[in-house]
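Only a predicted model underlies this, so the values are computations on that prediction, with no experimental measurement involved.
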Amino acid sequence: MNIILAGIMGRYPYGGVGWCSLMYLLGLRTLGHRVWYLEDTGECNYDPLANTLATEPTYAVNFIRQALQPHGLGENWCYVDYRGRHHGISPQRWLEVCRDADLFLNLSGGCWFWRDHYASIPRKAFIDSDPAFTQLAIAKGVPWYVDFFRRFDALFTFGRNIGTAACPVPVGEFRWRHTWQPLCIDQWQPAPARRRVFTTVMTWKTGSFTDIDANKNIEFEKVIDLPRRVAAALELAISANAPRSRLEQYGWICRDAFQVSSDLDRYRHYIRGSMAEFSVAKHAYVHTRSGWFSDRTECYLAAGKPAVVQDSGFSAHLPVGEGLLAWRDEADAVAGIESVLRDYDRHCRAARDLAAAHFSVEAVLPPLLQQVLDPRPARTHAAASAPA
């Protein structure tokens, strides 16, 4: 098929965000499809150097080009800025690409428009990387937002419990199918740890869904004292809005997230050089038991790095205990870190095996594509048949 993937690597030009889109593109291409990258959000992109939203998309355009060029995709992208100007592929050529497209995948809101040339693509699916936040936003009933999701043939979410009895988040008329972030395992070859440090890359508090105050800062209080209780160094590559002085008083090592994730190679280098990951999840993921699992943690596992991460309900769907260790309170976190330190090599092997079995391109993308082509609607029968 000819597949267009809409992502947000220009809107949020960081290594982790870039890898999310890139691994979809590379994975789909590996399966034999022709792929194109789109970004058409109607928003200004964030410029990390200026620390502001930029009215000129120079930084975003350069980031996208540098992310795709090394993988033979340097001519296969279109960035539409907030003024409607096209970058990368010309407007006329982009219309031709859309006319030939078989499938439109919208990842994390990489496009918020139903332009005629997108709406006419035969099959369309949305992939939600922010479970609970997305569904709660839809539940507010803002007409344009609800209508936007109604036009997809299939809806997917990284929240494995969304739409089930295990999760209280309302889904209304919509049917959410479940998926994981696909991993290009060969891009994450294991390497010896350069430092004996548990690390993570995290945003303390995001600027998205500001009316749903359920970020990582809330959950972090459960383990704020952790560095004093374990025989391992714990490092946070963290956003500028974090209270670094306070964290350092408790023993956390803090460094600037942009320094380690300003591009895809630096982000991968940082993860592959770490001993393991320790991380918390957003409060919304945890208290709703959404079943969300981090694309970042997948990368640690693929690189053969054990991960001790907060359980959002994913432990009901993934094997935990070797390579991947889930915690719910500080005692669990201490036990998980101690287990990794006691038998590090075993956990490293298990991490890599788990990533290949559950998150590889071959494990994730064929079922997703099969479900996209499923004729069953993305809404319940009663809602789909109701008058507009």
Where do [X] and [Y] come nearest, in terms of heavy atoms and distance?
X    : Y    : value
L341 : M275 : CD2-CE, 3.6 Å
Y24  : P182 : CZ-CD, 3.3 Å
C111 : F148 : O-CZ, 3.2 Å
A257 : S239 : CB-N, 4.1 Å
A302 : I185 : CB-CD1, 4.1 Å
K305 : A276 : CB-CA, 4.2 Å

Between [X] and [Y], is there a donor-acceptor pair closer than 3.5 Å when you use the side chain of the first and the backbone of the second?
X    : Y    : result
Y300 : S274 : no
D153 : K124 : yes
E219 : A281 : no
N2   : D102 : no
E39  : G10  : yes
S312 : W292 : yes
D263 : R266 : yes

Side-chain heavy atoms of [X] within contact of [Y], under 4.5 Å:
X    : Y    : value
L95  : Q92  : yes
F149 : T134 : yes
W252 : F220 : yes
I162 : F174 : no
Q189 : R352 : yes
L369 : M1   : yes
H86  : R93  : no
R65  : W77  : yes

Let's go through D256 and R244 carefully: what are the C-alpha distance in whole Å and the side-chain angles of both, what is the deciding distance for salt bridge (charged side-chain N to carboxylate O under 4.0 Å, His left out) to 0.1 Å, and is it a yes or a no? CA-CA 10 Å; D256 181 42; R244 297 190 188 186; 3.5 Å; yes
Distance (rounded to the nearest 0.5 Å) between [X] [atom1] and [Y] [atom2]:
X    : Y    : atom1 : atom2 : result
W176 : Q135 : CH2   : CD    : 5.0 Å
L26  : L68  : CG    : CG    : 8.5 Å
Q181 : M23  : CD    : CE    : 4.5 Å
N241 : W204 : CG    : CH2   : 9.0 Å
I64  : L38  : CD1   : CG    : 9.5 Å
E322 : D353 : CD    : CG    : 9.5 Å

Testing the 3.5 Å rule here: is there a donor-acceptor pair between the side chains of Y118 and N106?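 There is no such pair (donor and acceptor under 3.5 Å, judged by atom type) between the side chains of Y118 and N106.
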E277 side chain to T297 side chain, donor-acceptor N/O pair below 3.5 angstrom: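 E277 vs T297: donor-acceptor pair found between side chains.
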May I ask whether [X] and [Y] are part of the same hydrophobic cluster, defined by side-chain heavy atoms of I, L, V, M, F, W, Y residues being less than 4.5 angstrom apart, directly or through others?
X    : Y    : answer
V364 : L373 : no
L31  : Y37  : yes
W327 : Y344 : yes
F133 : V280 : no
Y82  : F113 : no

If you draw a 6.0 Å radius around [atom1] in [X], do more than 12 non-hydrogen atoms from other residues or ligands fall strictly inside?
X    : atom1 : answer
E221 : CD    : yes
H269 : NE2   : no
R346 : CZ    : yes
E75  : CD    : no

Aromatic ring centroids of Y267 and Y14 under 6.0 Å? no
One pair to check against side chain to side chain contact (heavy atoms under 4.5 Å, CB included): F278 and V230. What are the steps and the verdict? CA-CA 12 Å; F278 175 82; V230 296; over 6 Å; no
Could you go through the salt bridge (charged side-chain N to carboxylate O under 4.0 Å, His left out) check for R229 and E338 one step at a time? CA-CA 10 Å; R229 299 194 56 195; E338 290 178 344; over 6 Å; no
Can you spot which of K222, R328, R160 makes a salt bridge (charged side-chain N to carboxylate O under 4.0 Å, His left out) with D311? R328
Using the salt bridge (charged side-chain N to carboxylate O under 4.0 Å, His left out) rule, take D100 and R34 through it: C-alpha gap first, then chi angles, then the decisive distance, then the call. CA-CA 11 Å; D100 290 339; R34 192 175 185 187; over 6 Å; no
Run L107 and L105 through side chain to side chain contact (heavy atoms under 4.5 Å, CB included) and show every step you take. CA-CA 6 Å; L107 173 64; L105 294 176; over 6 Å; no
Sequence-distant partners of R195, side-chain contact (heavy atoms from CB on, under 4.5 Å), two or more places apart: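 Per chain and number, R195 pairs via side-chain contact (heavy atoms from CB on, under 4.5 Å) with V197, T199, E235, R255, Y270.
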From CA spacing to verdict: side chain to side chain contact (heavy atoms under 4.5 Å, CB included), Y250, L234: CA-CA 11 Å; Y250 281 93; L234 305 179; over 6 Å; no
Please list, one pair per line, the donor and acceptor atoms closer than 3.5 Å that link side chains of residues 41-50 to other protein atoms, with sequence neighbours excluded.
from, atom 1, to, atom 2, distance (Å)
T41, OG1, E43, N, 3.1
E43, OE1, R11, NE, 3.2
Y46, OH, N51, OD1, 2.4
D47, OD1, L49, N, 3.0
D47, OD1, A50, N, 3.3

Please work out which of the three classes, parallel, tilted or perpendicular, describes the rings of F258 and Y59, given edges at 30° and 60°. tilted
Going through the distances and angles, do Y145 and W112 end up as a side chain to side chain contact (heavy atoms under 4.5 Å, CB included)? CA-CA 9 Å; Y145 199 69; W112 289 107; 3.8 Å; yes
